[in-house]
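Taking it in order: structure first as structure tokens, then the write-up.
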Amino acid sequence: MYVDSHCHLDFPELAKNLPDILERMRLNQVSHALVVSVNMPNWPRLMELVAPHPNLYASVGVHPDYEDTPDPSVEELARLAQDPKVVAIGETGLDYFRLSEPLEWQRNRFRTHIRASNETGLPLIIHTRSSSKDTIRIMQEEGASQFGGVMHCFTESWEVAQAAMELNFYISLSGIVTFKNATDLHEVAAKVPLDRLLIETDSPYLAPVPHRGKLNDPSKVIHVAEKIADLRGISVAEVARHSKDNFFRLFNKIKT
């Protein structure tokens, strides 16, 4: 069995086909999916989507790319995180790829989420792009290692992966690992200890080979596991087992 540790089933292109996606997940042995929050205005809709489904869970938080959107306080995040379906804080982090300085608002938002993690005891879901140095620095300064979390859709170097793992974080690989030109990420996939590995789709984006360029959904996470198994010279069953065990260990609010 597989799990998708990061997807966006509440996005319109997936939400409208949710029954079909859930059936494809079942047929492809994907038992659970974590539906990740990107802003607060759409969060109630996300929660309505996951509520009826025992195998769907949620996070609460604001993506660093969302500039013109309400910023939650530590207290608001902690209050919303009391919902039984909420198992993580985020996605949060830093992204310097699309936006330019001054970005102190983004760094302050990141600090708020880390503090909410420490307040609630829930793990963090961290997004980092073109910002790894500041991301690791703020994680260290704010004590993100207390409850740890996951570096989602990881695309950084092995050195960044090591720094994150030293702070009690898991490394999650997406469909990007199946891309031929992702050679640095192939090195990371081969080296990450199996007890620190997660897999995800980040759907509706980043569909893995052989579906590259098409709409992605959690049923396709199997292809991520297959590529990692190939890079490591192990069975896909072993990747599935470890990544699933790690998922429930990290997001331990989920009752299995």
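Smallest separation of non-hydrogen atoms from Pro123 and Gly149: CB-CA, 3.8 Å. When all heavy atoms of Pro72 and Thr112 are compared, the pair lying nearest together is O-CG2, 3.5 Å. Across Ala189 and Leu231, no two heavy atoms sit closer than the pair CB-CD1, 3.8 Å. Closest heavy-atom contact between Ala88 and Leu122: N-CD1, 4.0 Å. Considering all non-hydrogen atoms of both residues, Lys253 and Asp83 come closest at NZ-O, 2.8 Å. A pairwise comparison of heavy atoms in Arg129 and Glu156 identifies CA-OE2, 4.0 Å as the closest pair.
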(message) Show, in sequence, the C-alpha distance, side-chain angles and deciding distance for Asn246 and Arg249, and conclude whether the side-chain hydrogen bond (donor to acceptor under 3.5 Å, both in side chains) test is met.
(response) CA-CA 5 Å; Asn246 295 340; Arg249 185 180 307 113; 2.6 Å; yes
(request) Show your working on side chain to side chain contact (heavy atoms under 4.5 Å, CB included) between Leu49 and Leu56 and close with a plain yes or no. (result) CA-CA 9 Å; Leu49 182 141; Leu56 301 183; 4.2 Å; yes
(request) Go through the steps to decide whether Leu197 and Leu173 satisfy the test side chain to side chain contact (heavy atoms under 4.5 Å, CB included), and finish with yes or no. (result) CA-CA 8 Å; Leu197 175 68; Leu173 301 178; 3.9 Å; yes
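The aromatic rings of Phe248 and His32 stand perpendicular to each other, their planes meeting at an angle above 60°, with 30° marking the opposite boundary. The aromatic rings of Phe11 and Tyr205 stand perpendicular to each other, their planes meeting at an angle above 60°, with 30° marking the opposite boundary.
For Lys220 (side chain) and His211 (main-chain N/O), no donor-acceptor pair under 3.5 Å exists by modelled atom type. Formation of a donor-acceptor pair under 3.5 Å by the Ser73 side chain with backbone atoms of Glu76 is found in this model. Looking only at distances, a side-chain donor or acceptor of Arg109 sits under 3.5 Å from a matching main-chain atom of His63. In this structure, Ser5 contributes its side chain and Ile199 its backbone to a donor-acceptor pair below 3.5 Å. Remark: side-chain polar atoms of Ser131 are not paired, donor with acceptor, to backbone N or O of Thr128 under 3.5 angstrom. Between the side chain of His6 and the main chain of Thr201, no donor-acceptor pair closer than 3.5 Å is present.
The distance from atom OG1 of Thr135 to atom CD of Gln140, rounded to the nearest 0.5 Å, is 11.0 Å. Of the inter-residue distances, the one linking Lys191 atom NZ with Gln162 atom CD reads 7.0 Å to the nearest 0.5 angstrom.
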Solution key, residues 37-44 side-chain donor-acceptor pairs under 3.5 Å, sequence neighbours excluded:
from, atom 1, to, atom 2, distance (Å)
Ser37, OG, Gly61, N, 3.3
Ser37, OG, Gly61, O, 2.7
Asn39, OD1, Asn42, N, 2.9
Trp43, NE1, Ser59, O, 3.0

Per-pair distances, 0.1 Å, donor-acceptor, side chain in residues 12-21, under 3.5 Å, sequence neighbours excluded:
none

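Placement of Leu185 and Ile234 within a single hydrophobic cluster is found when ILVMFWY residues are connected by side-chain heavy-atom separations under 4.5 Å, directly or transitively. Leu250 and Phe247 fall within the same hydrophobic cluster, defined by Ile, Leu, Val, Met, Phe, Trp and Tyr side-chain heavy atoms under 4.5 Å apart, directly or through other members. Connection of Ile138 to Met165 is established within a shared hydrophobic cluster, with ILVMFWY side chains joined at heavy-atom distances below 4.5 Å, either directly or through further cluster members. Ile89 and Leu198 are members of different hydrophobic clusters when ILVMFWY side chains are connected at heavy-atom separations under 4.5 Å. Under the 4.5 Å side-chain heavy-atom criterion for ILVMFWY residues, a single connected hydrophobic cluster contains both Val221 and Ile228.
Within the 4.5 Å cutoff, the side chain of Glu200 has heavy atoms near those of the Cys153 side chain. Side-chain contact between Pro208 and Glu226 is absent, with no heavy atoms from C-beta onward closer than 4.5 Å. Side-chain contact between His113 and Glu91 is absent, with no heavy-atom pair separated by less than 4.5 Å. Contact of the Ser117 side chain with the Gln146 side chain is not registered, since no non-hydrogen atoms from C-beta on lie closer than 4.5 Å. Residues Asp202 and Asn216 have side chains not in contact (no heavy-atom distance under 4.5 Å, counting atoms from C-beta outward). Here the side chains of Asn28 and Tyr2 are not in contact, with every heavy-atom distance at 4.5 Å or above. Thr92 places none of its side-chain heavy atoms less than 4.5 Å from the side chain of Pro64.
Between the side chains of Asp195 and His242, not a single donor N or O lies within less than 3.5 Å of an accepting N or O.
For the pair Glu101 and Arg107, the salt-bridge criterion is met [side-chain N within less than 4.0 Å of a carboxylate O].
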